[in-house]
Structures are given as structure tokens and as C-alpha cells.
Amino acid sequence: NRPASAPCPSAGVRRAEQRAKMRTAPAAGSSSEEQAVPRQGTLLERAGTQLQRAGSNLGLQRASTLPTDSKQLRHAATMPITHDMESARPFCGGMWKLQQMIGFILGVLSLVLLALIRPIKDYPSANDMLGITLMCGFFWVLEVSPIYITALAPLALMPLLKVTSSEIAANAYWNEIQMLVIGTYLVDLALEEVHLPRRAVLKMLIVTGVVQPGVLLFSFMFLCWLLSMFCNNIAVTLMITPFAIEIMNAAEEQARDDAAAASDLSDAPSSSDDEAPVDASTAEVQKFSSGLLLGIAYASTCGGLATLTGTITNEVLFGVGKMTSVIAYANWWSFAFPTSAAAFILSYSVLWLRYCRGLKLKALTHEVLEQSYDELVKEIGPFSRDELFVGILQVIQFVLLFLRPTIAKHVTSPYGESLLGDPTLAMLPAVLLFFIPSSVRPGQPLLTWPSVHEKFDFGLLFLIGGGFAISTGFIESGLNTALGKSIASWTEVVSPFWLNFIIVLLISVATQVFSAVGTATTLLPALYSAAESAIHNPLALVLPATVACSFGFALPTATPSNVVVLAKSQDLSRPLRVRDYCCSGLPLNILVVIVGAVISYFSGISVYDSQTPFPKWACDEGVTCLWVPIPGVHRDGTPFTDQACMLLASDNDSGYCILHNGTKINDEPYLADMSFMG
């Protein structure tokens with residue numbers, strides 16, 4: 001028997017051993033019939049491989065097609081198709097899979113047809129902008145090119161097609177949102193460098209002393225959920241998943257050793273590990289391992305929803321339109337935390353029912369956890385001052401961002417204008433990381449620039465900027481006005497509650513198919529611009545849409561966290577499969593859509609007044625909108641004394657603006673008043 005402390009061979013090693021055995025020549029004297037069996041097996045294996053590749057080509061990603069290296073996996077988390085290593089790529093000199101070729105054709109065809117046909121007559125540039133948006137959408141969803149490069153397409157195409165100037169387009173790629181992302185990401189990298197989350201999980205499990213499947217699952221999920229509020233959820237998943245796999249591999253090895261020992265005591269015939277049937281205890285560990293990895297992915301996604309910097313989709317929202325004037329770190333947490341908590345509870349409940357109910361998991365003992373902790377200490381040493389300082393800086397960053405509205409009141413200009421924003425508060429702890437000396441690496445700071453250069457995903461800044469550039473193009477081209485008319489017709493016939501529910505449902509479905517990042521980057525700017533043009537409160541549309549972008553549980557490529565655990569599961573003896581996601585994620589998605597739609601609706605009203613008439617903060621006065629002293633009545637019966645009047649950019653309506661009830665008025669008197677006040 002192998003000692004209990006021996007690590008469980010990875011799935012890759014097992015497969016290599018099996019392939020080596022299959023290549024071994026048959027024994028002398030074997031009959032031709034006996035030698036034909038392996039040949040038939042080979043044909044079946046080839047057929048199975050072709051089916052697997054076909055499934056991967058359709059986006060049903062398998063664990064074995066993704067890289068396991070953490071550096072590569074950071075990119076594969078948002079681009080699983082590009083980093084699929086095994087699928088056939090017959091197009092474009094071996095670069096593209098079938099779906100990438102389809103995406104290229106659809107994207108370019110959309111741009112060309114809209115430029116030639118020009119169906120939007122009143123706003124000619126809107127046709128070009130719609131073509132650019134559709135092309136980027138197809139390229140993002142089907143990963144025709146790296147999503148970060150696709151994000152640069154608006155900067156290249158909008159000036160050439162006379163949608164807007166290069167200066168306006170370029171400004172979208174570097175602003176306060178990107179600086180906020182950099183500040184929070186640097187602290188995330190420091191946490192990863194000192195391995196604090198891994199130590200925290202093990203210590204929590206050892207201190208509780210209870211090794212039960214339900215408790216273990218809850219412990220991992222709760223920590224991932226909590227950490228994802230402070231850190232980016234991709235970073236959390238990358239930190240926790242390998243450590244969870246180490247524990248489950250040790251437990252599986254213990255189960256195999258216990259089964260072998262029991263077999264020896266009963267004088268049963270022995271057999272090799274690869275040929276031995278999986279005993280009940282080992283099967284339990286394998287089953288629980290799948291549930292644990294899904295729990296890490298789901299909890300990280302739910303936790304990232306709660307804060308602006310927890311997930312990429314929230315960061316995209318923060319830079320759309322004039323959202324920075326109303327959304328702050330603190331009030332977003334107040335809005336999103338109830339939905340995040342409900343989604344976490346539902347995720348745990350579904351996974352407990354599927355993977356933990358009736359499970360004993362005798363192989364995972366307290367000794368296995370202590371052994372894992374001893375190995376961690378050998379790897380990174382005892383608890384250090386570095387971990388303490390990084391943990392303190394992470395908490396300080398969260399508190400500063402949460403209290404920004406209060407702190408900003410004391411940092412103002414002589415005219416009373418607030419000078420303090422989230423990027424400044426996020427950068428303060430991040431900069432300190434480079435000034436505090438490390439006790440583990442004498443002569444170096446807590447975080448070094450080579451570590452940042454190696455692990456920081458600079459392409460994320462391009463991706464966020466691409467969404468902002470599309471939002472700018474909507475306004476500059478008049479496409480927002482054209483889309484606003486269709487949105488207005490919906491808002492007139494559908495009640496606010498059901499409109500909120502429909503948006504959550506549709507965006508959630510789009511997230512399963514097109515991924516959270518592609519859905520958010522394409523649709524959030526479109527929804528905001530359309531709501532603005534329809535003179536409908538933008539928050540009523542973009543808040544439920546952003547929340548729904550985190551409801552991706554049913555397919556492995558829906559969210560970055562799902563992709564990470566799928567790839568890392570190759571290190572288990574039984575990797576995750578697509579059906580593992582579907583069987584657990586589909587019922588979870590149904591529950592989360594229903595509960596999330598209800599909570600987000602009432603939270604939006606409570607925190608942001610999202611169902612009130614078009615707000616003044618959303619009126620880009622003098623550019624797309626005028627704020628006029630004309631009284632009216634909202635559709636819910638609420639009276640108001642002034643309102644927005646959207647400027648009309650078409651040649652036929654030049655010199656006019658339109659009120660929420662469709663009335664056109666001459667804008668010259670109000671523009672003259674603005675000039676006089678200026």
C-alpha cells in the first residue's frame with residue numbers, strides 16, 4: 001500500500017499510464033481474435049474523440065481542452081474558445097475553429113450590410129455604429145480574435161466611418177474606472193502572492209474540527225463568497241481551487257488505501273490501482289469533489305456580484321454613460337448584497353441536495369486536513385508579517401471605498417466641489433504595497449513589479465474601455481435615439497416589475513450562451529443609451545441587466561469562475577463534465593432568476609429610486625439633453641415640476657427636443673438660457 005501522505009496521481013498521469021499500457025505489444029501466442037479487441041477499442045476511442053472535439057467546437061467545453069497553468073488560465077477564464085487546445089481548427093491557416101469562422105463571417109457581414117443598406121434613415125451614422133456594435137458582439141461571443149483586441153475595434157473603426165473623432169474614442173480607454181480596477185487588482189495580486197486565503201481556509205477547517213460534507217462545502221463556499229467581495233472573483237477562484245483539489249486528492253488517496261487494506265484483511269485477490277474497481281468510499285470522494293469545485297465557482301460568482309470591483313461585468317457597468325455620478329462602492333453594495341446573499345444560499349442549497357445529502361465522506365479526516373496544513377507550512381512557511389500587512393491593507397481598501405461618500409465631504413474645492421473619488425481611495429493601499437518591506441523576501445517590498453507584470457491582466461483595461469467606446473459611439477451617432485423608440489414602446493405596455501423580470505431572464509439566458517463578459521460589454525451600453533433616448537430611467541434597465549450577468553451557472557463557459565474550475569478539475573481523477581454544470585446549474589439558474597428579479601427590483605427602488613422619472617443626473621445637459629422647467633406627470637401618477645427634453649439630432653428635427661410624453665418643443669430658448677448662465 002502507498003502511505004497515506006502520498007499525493008494522489010493527477011488525472012493526466014493516470015491517462016499517460018493507461019496510454020502506455022495500451023501501446024504494449026500483446027503477449028506471444030495470442031490469437032488474432034484476441035488481438036482484434038484492442039483494435040476495436042481504438043476505433044471506438046477515435047470515434048469518441050471526434051465526438052468530444054465536435055462538442056468542444058460547439059462551446060461545450062471539456063476540462064481536458066483547457067490549460068491548467070495559472071498564468072494561461074487567467075486568460076482562458078475569459079477566452080475559453082481561444083485557449084481550447086484540442087479542438088479541430090481547419091480555418092484561417094489553423095487559427096480558427098468552425099464557430100470562430102462563423103463569427104467572423106457574421107460580424108463582417110453585419111458591418112457591410114448595415115453600411116450599404118442603411119435602414120436607420122434619420123440618423124445615417126447610427127447604421128455604421130450598429131454595424132460596429134454587432135461585429136464586436138459576434139467577435140466577442142465567438143472569440144474570432146482575443147477579446148481584448150476586439151475591444152480596440154471601436155477605436156479603429158469609429159473615426160474611419162465618421163461616427164466620432166479619434167480623440168473622443170480614445171478617451172474612453174483611459175479614465176477613472178480603469179484606475180479603480182488597477183488599484184483593487186494590485187491588492188488582489190498581493191493576497192495571491194502571500195497565500196493568505198489558502199491558510200485561512202485550512203485554519204478555519206482545522207479549528208472547527210468538524211469534517212462533514214455539508215460543513216466542508218459551506219466553509220469553502222462561504223470563504224470564496226466573502227473573498228470575492230474584496231477581490232476579483234477570477235483571482236479568488238484561481239487561489240482556492242488548486243488548494244481544494246489538493247485536499248480532495250489526499251482524501252481520495254486515503255480512501256483507496258483504506259479499501260486496499262480492507263481487501264488485504266479479507267484475503268481478496270489484489271489488483272493494480274488502474275484496474276481495481278472504484279470502491280464506495282472513493283466514489284463518494286469523487287462525487288463530493290465535483291460538488292466542491294462547482295461550489296467554489298458559484299460562490300465566487302455570487303460574491304463578485306456584491307461589489308463594483310468583484311467581477312468584470314460590474315466594472316463595465318460603472319463606466320457606462322454617467323453611472324459614476326450615481327453609483328458608488330457603498331450604495332452598490334447596499335443594492336447588490338441582498339441578491340448576492342440570496343444567490344449564495346440558493347447555490348449552497350442546490351449543491352448540498354445534489355452532492356452532500358446522505359454522504360458520509362469517511363476518507364476526509366481531521367488528520368488529512370492537518371497533513372495538508374503541514375504541507376502548506378513547508379511550502380510557504382509559518383504565518384508571516386507579510387500576510388498580516390496584506391490582509392490589513394485589503395480591509396483598509398474595502399473600508400475606504402465603502403466610506404467614500406462620508407470621507408469625500410471633507411475633501412472639497414473652495415467652491416464646495418468634491419475632489420475625492422473611488423480611484424484615489426483604491427490606490428492608497430495599493431501604493432503602500434510597494435513601500436512596506438517584506439519579511440519573507442528581505443530587500444524587497446510586499447509586492448514587486450515583476451509579479452505585477454507577470455500576473456496583471458492589462459487586457460482587462462482594453463476590454464472595459466471597449467464597452468465605454470461603444471457607449472460613446474451610441475450617443476455620437478444617434479443610435480441611442482433610434483433604439484430608444486423601441487424601448488419606449490416596451491416601457492409603455494409592460495409594468496416596471498415585469499420589465500425588470502424580463503430583462504433578468506433574457507440577460508441570464510444570454511449569459512449562459514454568450515458568456516458574462518461578452519453579454520455585459522455588448523448589451524449594457526446599448527440598454528443605457530436606449531433608456532436615455534426613451535427618457536426612461538436608465539437604472540431601471542441596467543441594474544437588473546448587470547445583476548443577471550452574474551447568473552451564469554448552467555454551462556462551463558458562462559462565467560470566468562466556471563472556466564477556471566473546469567480547467568483545474570483535470571487534476572482530479574474524475575474531471576468535471578458539462579452535465580455536472582447542467583444538472584446543478586439549470587435548476588439553480590431558474591431559482592436565482594426568480595428570486596434575483598424580485599430582490600433586484602425592490603433593492604433598486606430602495607437604494608437608487610430606479611423607478612422614478614428620468615433623473616437629472618442622467619441628463620447630459622447641452623449635449624444630448626436639456627433640463628427644462630416644464631411640469632408633467634409620470635406614468636405612475638407622480639407629478640414633477642421639471643423634466644428632461646432629449647435633443648433631436650436628425651436633419652428633419654434639428655432645433656427641437658422631445659419630452660417623455662412625445663411632445664416636441666423648440667430648444668432654442670433653453671439653449672440660450674444655458675449660454676446666458678454660462
Side-chain angles (χ1 to χ4, degrees), residues 91-92 96 98-145 147 149-166 168-169 172 320-321 466-491 506-507 510 513-514 518-519 521-536 541 545 624 646-654 656 658 662 664:
F91 302 101
C92 196
W96 288 347
L98 174 61
Q99 64 202 73
Q100 291 171 301
M101 187 64 193
I102 293 174
F104 175 78
I105 294 174
L106 292 177
V108 174
L109 193 62
S110 299
L111 178 61
V112 172
L113 288 179
L114 285 168
L116 294 175
I117 299 175
R118 310 188 81 76
I120 305 174
K121 304 300 182 183
D122 293 337
Y123 305 94
S125 295
N127 299 283
D128 300 318
M129 190 62 223
L130 181 59
I132 293 172
T133 304
L134 290 177
M135 189 192 76
C136 289
F138 283 121
F139 280 25
W140 268 323
V141 168
L142 299 175
E143 295 179 30
V144 176
S145 63
I147 59 174
I149 300 304
T150 300
L152 298 175
L155 176 59
L157 294 176
M158 288 196 301
L160 291 176
L161 297 177
K162 300 180 181 180
V163 173
T164 188
S165 67
S166 296
I168 294 175
V320 171
F468 301 164
I470 288 176
S471 181
T472 302
F474 270 51
I475 297 171
E476 294 288 322
S477 66
L479 180 58
N480 61 330
T481 304
L483 292 177
K485 295 178 181 178
S486 59
I487 294 292
S489 62
W490 269 85
T491 58
L506 294 180
I507 297 296
V513 180
F514 304 132
T519 301
T521 311
T522 305
L523 295 184
L524 292 185
L527 285 173
Y528 180 91
S529 297
E532 185 181 40
S533 179
I535 319 180
H536 189 81
L541 302 185
T624 61
M646 303 305 297
L647 296 171
L648 298 173
S650 65
D651 295 335
N652 297 332
D653 295 319
S654 179
Y656 289 88
I658 188 170
K664 293 181 181 179

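The basis for the numbers below is simple: all heavy atoms, side chains too, and nothing from hydrogens, waters or symmetry mates.
- To the nearest 0.5 Å, the span separating CG on Leu155 from OG1 on Thr472 amounts to 11.0 Å.
- Leu527 approaches Ala545 most closely through the heavy-atom pair CD1-CB, 3.6 Å.
- A distance of 6.5 Å separates CG in Asn127 from CG in Leu114, rounded to the nearest 0.5 Å.
- Closest approach of Ala526 and Phe474 over heavy atoms only: CA-CE2, 3.4 Å.
- Remark: Ser165 engages Glu167, Ile168 in a side-chain contact (heavy atoms from CB on, under 4.5 Å) (not counting sequence neighbours).
- Atom CD1 of Ile105 and atom OG of Ser110 lie 11.5 Å apart (nearest 0.5 Å).
- Counting only heavy atoms from C-beta outward, the side chains of Ser477 and Thr164 never approach each other to under 4.5 Å.
- Rounded to the nearest 0.5 angstrom, Lys162 NZ and Ser125 OG are separated by 9.0 Å.
- Side chains of Leu98 and Phe91 form a contact here, defined as non-hydrogen atoms less than 4.5 Å apart.
- Evaluation of the side-chain hydrogen bond (donor to acceptor under 3.5 Å, both in side chains) rule for Asp128 yields Arg118 as partners, not counting sequence neighbours.
- Closest heavy-atom contact between Pro154 and Gly466: CG-O, 4.3 Å.
- Ile102 contributes atom CD1, which lies 12.0 Å from atom CH2 of Trp96 (distance to the nearest 0.5 angstrom).
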- request: Any chance you could lay out the side-chain contact (heavy atoms from CB on, under 4.5 Å) test for Thr150 and Val144, step after step, and finish with the verdict?
  value: CA-CA 8 Å; Thr150 300; Val144 176; 5.9 Å; no
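- Across all non-hydrogen atoms, the minimal contact from Met158 to Ala469 is CE-O, 3.5 Å.
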Let me have the donor-acceptor pairs involving side chains of residues 129-141, under 3.5 Å, with sequence neighbours excluded, atom names and distances please.
unit_1	atom_1	unit_2	atom_2	d
Thr133	OG1	Met129	O	2.8
Trp140	NE1	Ile147	O	3.1

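- The closest side-chain heavy-atom distance from Ile120 to Leu479 is below 4.5 Å.
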